[in-house]
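Quick one: the structure is below, questions incoming.
Numbers restart at 1 for each chain; the letters A, B, ... are given by sequence-line order, proteins then strands. Heavy-atom basis, side chains included; hydrogens, waters and symmetry copies ignored.
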Amino acid sequence: MKELITSLISDAVARARLSGDLASDQAPFTVERPGDSSHGDMATNAALVMAKAERKAPRAVAEIIARYIEPRADVEEVKVAGPGFINFRMAASYWHSEIRRALAAGPSFWCSDLGRGRRVQVEFLSANPTGPLTVGHGRNAVLGDTLARLYEATGHQVTREYYFNNGGRQMRLLGESVRARYLEELGRAVAFPEEGYQGEYIREIALGLVQRHEAALAEEPSLEPFRAAAEERIFGEIRATCEHLRVGFDVYTNELDLIRAGKVDKVLAALEGRGLVARYDGATWLRGEPLGLPKDLVLLRSGPDREPTYRTTDIAYYIDKLSRGFDLVVGVFGADHIAEHQGVVAALRALGHDTACLRTVIYQFVTLMRGGEKVKMSTRKATYVTLEELLDEVGPDVARFFFLFRKSDTHLDFDLDLAKTQAPENPVFYVQYAHARLESVLREAAKAGLAVPADLAAVDLALLSAEELAIARRVLGFPEVVGEALDALEPHRIPFALLELAGEFHRYYNKPANRIIGSDRELSRVRLVWARLVKGCIARGLELIGVNAPERM
RNA sequence: GCGCCGGUAGCUCAGCGGAAAGAGCGCAAGCCUGCGGAGCUUGAGGUCGCGGGUUCGAGUCCCGCCCGGCGCACCA
């Protein structure tokens, strides 16, 4: 439709110029779906952008262009409006053929081949296995997984990847914490490591080691058994929580493997070779100045172990990613990681890597609200809420919807009271209810011996009302919403679009005149076809964000 | 101090440079012989943080300022 209108306008402008009614060159104009549907199906600003060069009032230019637009059967109305927009209204017959096309295509109508098989990697969550997932991780996981779903639905080949640090200081501290608890359980007095992990889960891991090995590890010189036990146990819990949230990964990459494969050493050598490394204060530094960074950044810590910082392995990880031939590499990060990521990208550029394929989605923090008050999140206090606890409380449908129901770069207040409400003010139930209602209607129809006609040629779509057509237009535009959400990397547009569609449907459904199953069988059959179309769109939309579309509630 | 992100109705938030600024909640007043009322209708409620600029046109883009969040670790 957009292409059609664009060419109609271009042709009209060209012909107006030929006959001398317009003097200036064609300026770049836009063709858009107006926000207000009473303005028609498509609108262009062509006259507005040309007005100055034409030295005429925008409306006058619009009138000229409109006069030259070739009449067509599927364009019902061309109208100049407002400050000089040209509005187009498509004929009902156009929408009828679109509805037929959508129904004939079935579920594939909601997908597209926009991606043409391009390979996309989405790296997300990437929480280190030092403790249970938090509510903030939930936002990350749902954003990343939903982006992946959107890419899949638009013909991309997607790899979901989870990267984690298991070789650094934090994991060492974790291992030391486990060892300390282990020795405590054996009745030995030990000093708990400074900055160690206090959580109760550490003691559980230690207890597991006591059960398995009894006192055999008491004199163990290496930290490795403790560290590995902690990683294994915590990672198992992370995976379980992800499953609960309907999030999965294709590839797990970790820091230790990169180090063992020598990839971190290679990065250091490459940086050294380009004169980007400095040594002072006992540490090895990445020079900030040549990279346009405000200061130097540590690559290797001082001290006997010369441990690489997370930053150094991050650079190695990104080089590894870039070498794998993805067309697009998307990362999902919390706001607190922005500066760090910029440092990594700067280093990649300095090493001569092409970073044009990198995209980032940054999200702000999540606050849980209960009873109108912020739930204080503190590791020390008992008020800490894990993602698993949140999921137990509200379930994956609500959690996913709520995490997506904000633009990612705004702060998210997660209202637990609203989340648990099974009433229309809860947007998740509002949308799911629209689906369940449609499902119920189709069930009722089947009971009444009214099948949805398989042969679309057998129904007369002209029987659809203006209200039904309006809803159908919104539904038919859904693939565009998906495309736009992906272009902007803004998955929140999907739940918002679903909420609007559900609202329009509920309003329609509530009017007695709109009974889908009625005494007029011909009319009922058309409405059933329409109902199936609307239901299909809601179901698909929910699937895209990983929320169930229930048949009954 | 520097960087990133926010500031839109009482609250929580949508809003691709376009037409008279939207939704939900809350508030006020209504609608149940009905394919699911887990729903719907109507109303009140706004200096789009402030001040400049760009533009035919700015909530949207640019600059400055104010307020809030986050970062500016040899933590990730």
Side-chain angles (χ1 to χ4, degrees), chain A residues 30 32-36 38-39 43 45 47-52 57-58 81-85 87 126-128 130 164-165 168-171 173 195 255 281-285 293-295 297-303 306-311 313-314 334-340 342 362-365 367 369 372 405-413 415 418 421-427 429-430 432-434 436-445 447-448 450 484 487-488 490 492-493 496 499-500 503 505-512 514-518 524 527-528 531 552-553:
Chain A
T30 60
E32 295 176 328
R33 183 184 295 257
D36 182 343
S38 72
H39 292 144
N45 64 352
L48 291 161
V49 296
M50 291 178 72
K52 194 173 191 183
F85 289 100
N87 294 338
S126 293
N128 293 334
T130 54
F164 61 98
N165 298 90
R169 191 181 106 91
Q170 293 303 319
M171 288 306 288
L173 270 172
E195 296 178 84
E255 182 185 25
D281 293 349
T284 301
W285 302 74
L293 298 172
K295 53 186 190 180
L297 303 167
V298 173
L299 290 170
L300 297 178
R301 296 187 179 89
S302 59
R306 308 288 292 147
E307 285 175 318
T309 58
Y310 59 89
R311 166 185 307 120
T313 44
D314 263 14
D336 52 340
H337 285 234
I338 304 173
E340 181 45 46
Q342 285 164 347
I362 308 290
Y363 64 93
Q364 299 290 324
F365 287 4
T367 310
M369 305 290 287
F405 201 51
R406 288 286 178 272
K407 202 167 47 177
S408 76
D409 52 13
T410 69
H411 182 87
L412 169 60
D413 282 337
D415 185 338
L418 179 62
T421 307
Q422 306 226 345
E425 61 261 33
N426 183 339
F429 286 89
Y430 189 81
Q432 288 184 320
Y433 180 49
R437 267 187 152 171
L438 282 159
E439 194 67 48
S440 161
V441 169
L442 294 173
R443 270 200 307 272
E444 285 298 318
K447 259 192 256 168
L450 260 172
E484 288 162 5
D487 268 355
E490 292 184 349
H492 74 279
R493 295 187 192 204
F496 276 98
L499 193 68
E500 282 176 13
F505 169 72
H506 285 309
R507 280 188 286 281
Y508 162 87
Y509 184 86
N510 206 244
K511 292 178 195 159
N514 289 333
R515 288 181 60 86
I516 292 167
I517 303 168
S524 299
R527 287 183 170 172
L528 283 173
R552 33 170 68 89
M553 297 175 72

Nucleotide forming a Watson-Crick or wobble pair with B:rC70, both distances under 3.5 Å: B:rG3

Spacing of the P atoms in B:rC74 and B:rC11 (rounded, Å): 41 Å

P spacing across the pair B:rA14 / B:rA23, given as an integer number of angstrom: 16 Å

Sugar-phosphate, base or nothing in reach of A:Ala43, heavy atoms under 4.0 Å: base

Watson-Crick or G-U counterpart of B:rC65, or none if no pair lies under 3.5 Å: B:rG49

Presence of A:Tyr508 side-chain N/O under 4.0 Å of B:rC35 phosphate oxygens OP1/OP2: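 Result: no.
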
Every protein N/O lying under 3.5 Å from an N/O of nucleotides 53-57 of chain B:
| from | atom 1 | to | atom 2 | distance (Å) |
| --- | --- | --- | --- | --- |
| B:rC56 | OP1 | A:Lys52 | NZ | 2.7 |
| B:rC56 | OP2 | A:Lys52 | NZ | 3.3 |

Touch class at under 4.0 angstrom, heavy-atom based, for A:Phe164 against every strand present: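 If one applies the 4.0 Å heavy-atom cut-off, A:Phe164 turns out to touch nothing in the nucleic acid.
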
Counter-base of B:rG22, judged by Watson-Crick or G-U geometry with both distances under 3.5 Å: B:rC13

Polar side-chain contact A:Ser302-B:rC74 base: donor and acceptor under 3.5 Å: yes

Output field: ring centroids A:Tyr509/A:Phe505 closer than 6.0 Å: yes

Closest listed nucleotide, where the reference is the side chain of A:Arg437 and the choices are B:rC74, B:rC16, B:rG37: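 Taking heavy atoms from C-beta onward, the closest nucleotide is B:rG37.
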
OP1 or OP2 of B:rU41 under 4.0 Å from side-chain N/O of A:Lys511: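 Negative; the distance criterion is not met.
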
Test side chain to side chain contact (heavy atoms under 4.5 Å, CB included) applied to A:Pro308 and A:Leu299, A:Leu300, A:Val298, the passing residue: A:Leu300

Selection from B:rC74, B:rA19, B:rC16 that lies nearest to any side-chain heavy atom of A:Val298: B:rC74

A:His337 side chain near B:rC72 phosphate (N/O to OP1/OP2, under 4.0 Å):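 Checking A:His337 against B:rC72: no side-chain N or O falls below 4.0 Å of OP1 or OP2.
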
Check: A:Arg527 side chain, A:Arg515 main-chain N or O, donor-acceptor pair, under 3.5 Å: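 Yes, A:Arg527 side chain to A:Arg515 backbone: donor-acceptor pair under 3.5 Å.
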
Touch class at under 4.0 angstrom, heavy-atom based, for A:Arg311 against every strand present: nothing

Polar side-chain contact A:Asn87-B:rA19 base: donor and acceptor under 3.5 Å: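 Under the 3.5 Å cut-off, the side chain and the base do form a donor-acceptor pair.
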
Nucleic acid footprint by protein, nucleotides 5-13 of chain B - heavy-atom cut-off 4.0 Å, B for base, S for sugar-phosphate alone: SS-----SS

Span that lies between the P atom of B:rG7 and that of B:rG17, in whole angstrom: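 That atom pair is separated by 15 Å.
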
Distance test, side-chain N/O of A:Arg507 to OP1/OP2 of B:rU41, below 4.0 Å: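 Answer yes for this pair, as a side-chain N or O of A:Arg507 is under 4.0 Å from OP1 or OP2.
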
Upstream residue (5' side of RNA chain B) when A:Ala283 and A:Leu442 are each assigned their closest nucleotide: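 With A:Ala283 and A:Leu442 compared, the 5'-side residue is A:Leu442.
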
